Each structure stands twice: as C-alpha cells, then as structure tokens.
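One structure is given below, encoded as structure tokens.
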Amino acid sequence: MEKFSVSAYQEYSEEKFTKRVIRKGENTAFVLNFMPGQQLPEHKHPGTEVYLYALTGTGTIVIDGNETEMVAGDLVHTNGEESLAFTNTGSEPVSLYVVLTKLPGEEYAKNI
C-alpha cells in the first residue's frame with residue numbers, strides 16, 4: 001500500500017503551470033497546477049485512458065475541440081486518442097489530479 005498527500009503536490013509558479021508526479025509506472029498519477037490564465041497546450045496520450053479531477057478552481061477543458069467548463073469536484077474522462085487542452089479561466093489557482101492508465105493489450109483480452 002502507498003499513501004500520498006495530494007496537497008503536497010499542489011505547487012504553483014507564476015512563470016508557467018507545474019506538473020508534480022505522484023507515481024509513475026503502468027498507471028501514472030500527477031497533479032497539474034495552474035495560476036490564472038495559464039494553459040496546458042493541446043496534446044494526446046495514445047494508448048491510455050485519461051482521468052482529470054479538478055481539486056480546486058475553475059477552468060476550461062477542450063476535448064477534440066469541444067469546450068467544457070470544469071470546477072472543483074468535476075471529473076473528466078477521455079481516451080488518449082482525443083486531443084485535450086486546459087486553461088485556468090478563473091481568478092484563483094487550479095489543481096487537476098490526473099491519472100493515465102494504459103489500455104490492456106491483446107493478451108489480457110484473451111484471458112478474460
């Protein structure tokens with residue numbers, strides 16, 4: 001078992017958003033931290049499922065060109081083939097808890 005204090009990974013920078021990795025491996029967990037106006041550029045995570053949980057603040061997430069507002073407590077799921085971007089559109093810092101899970105391969109599917 002491993003236990004982490006997510007608040008320890010909520011570190012902000014005036015220069016650019018920060019990424020603080022909690023755990024890296026088959027499944028990766030990290031916190032993205034944004035000051036007002038900071039952005040995560042559009043990108044993809046092929047071969048994964050992506051879960052983004054808003055810990056604090058307000059922002060806009062764009063998935064394949066579709067904009068959706070995110071507020072603290074919201075959870076967004078997307079597959080890694082979809083492009084995603086995020087902007088802190090609020091007046092307070094935003095932290096997103098992110099989990100990337102690898103999709104099981106063909107061997108896994110055969111054994112189910």
Side-chain angles (χ1 to χ4, degrees):
M1 181 182 104
E2 293 178 273
K3 181 181 175 185
F4 303 93
S5 172
V6 174
S7 63
Y9 298 88
Q10 291 178 272
E11 299 175 8
Y12 303 93
S13 169
E14 293 291 338
E15 297 172 19
K16 65 176 197 160
F17 79 90
T18 64
K19 176 181 178 182
R20 299 294 179 252
V21 177
I22 298 171
R23 187 172 191 288
K24 193 169 190 173
E26 279 260 334
N27 299 305
T28 300
F30 53 90
V31 179
L32 296 175
N33 303 290
F34 303 85
M35 293 299 289
Q38 292 178 340
Q39 300 178 340
L40 174 68
E42 184 177 339
H43 65 289
K44 295 181 180 185
H45 291 279
T48 65
E49 296 287 320
V50 182
Y51 297 88
L52 302 102
Y53 178 73
L55 297 167
T56 61
T58 303
T60 300
I61 191 163
V62 181
I63 307 290
D64 273 351
N66 298 310
E67 289 189 14
T68 303
E69 182 180 6
M70 280 188 81
V71 299
D74 285 350
L75 175 67
V76 171
H77 166 258
T78 182
N79 71 56
E81 303 305 320
E82 296 174 301
S83 65
L84 72 94
F86 180 83
T87 303
N88 178 346
T89 55
S91 59
E92 300 294 325
V94 169
S95 289
L96 301 177
Y97 175 71
V98 182
V99 176
L100 305 177
T101 62
K102 289 190 177 179
L103 297 175
E106 287 184 34
E107 276 305 307
Y108 176 81
K110 287 179 187 177
N111 293 322
I112 295 181

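In this text, all values refer to a predicted model and were calculated from it rather than measured experimentally.
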Less than 4.5 Å apart, any side-chain heavy atom of Leu96 and any of Val76?
no
For the atom pair CD (Glu92) and CE (Met35), what is the distance rounded to the nearest 0.5 Å?
8.5 Å
Common cluster, Tyr53/Ile22, ILVMFWY with side-chain heavy-atom separation under 4.5 Å:
yes
If every non-hydrogen atom of Gly90 is compared with every non-hydrogen atom of Pro36, which pair is closest and at what distance?
O-CB, 3.4 Å
So, Thr87 versus Thr89: side-chain donor-acceptor pair below 3.5 Å or not?
no
Taking atom types as modelled, is there a side-chain donor on Tyr9 or Thr18 under 3.5 Å from an acceptor on the other?
no
Test item: Phe86 and Leu52 side chains (from C-beta on) under 4.5 Å apart, heavy atoms
no
Heavy-atom side-chain contact between Phe34 and Leu32 under 4.5 Å
yes
Pairs in or reaching into residues 13-33: which pass salt bridge (charged side-chain N to carboxylate O under 4.0 Å, His left out), with residues at least two apart or in two chains?
Glu2-Arg23, Glu11-Arg20
With side chains defined as the heavy atoms from C-beta onward, is the minimum distance between Asn88 and Phe17 less than 4.5 Å?
no
Whether the Thr101 and Asn27 side chains hold a donor-acceptor pair (N or O, under 3.5 Å, no angle test) is what I'd like checked.
no
Do Val99 and Val21 belong to the same hydrophobic cluster, where Ile, Leu, Val, Met, Phe, Trp and Tyr are linked whenever their side-chain heavy atoms lie under 4.5 Å apart, directly or via other members?
no
Would you name the heavy atoms of Ser95 and Val31 that are closest together and state the gap between them?
CB-CG1, 4.1 Å
Applying the 4.5 Å side-chain criterion to the ILVMFWY set and letting contacts propagate, would Tyr12 and Phe30 be lumped into a single cluster?
no
Spacing of NE2 belonging to His45 relative to OG1 belonging to Thr78, to within rounding of 0.5 Å:
9.5 Å
Pair Leu84, His43 - check side-chain contact (heavy atoms from CB on, under 4.5 Å), show working.
CA-CA 6 Å; Leu84 72 94; His43 65 289; 3.6 Å; yes
Transitive ILVMFWY side-chain link Val50 to Leu40, under 4.5 Å:
yes
Tell me which donor-acceptor pairs under 3.5 Å the side chains of residues 62-74 have, and how far apart each pair is, sequence neighbours excluded?
{"residue": "Asp64", "atom": "OD1", "partner": "Ser83", "partner atom": "N", "Å": "2.9"}
{"residue": "Asp64", "atom": "OD1", "partner": "Ser83", "partner atom": "OG", "Å": "3.2"}
{"residue": "Asp74", "atom": "OD2", "partner": "Val71", "partner atom": "N", "Å": "3.0"}

In terms of hydrophobic clusters joined by side-chain contacts under 4.5 Å, are Val94 and Leu75 together?
no
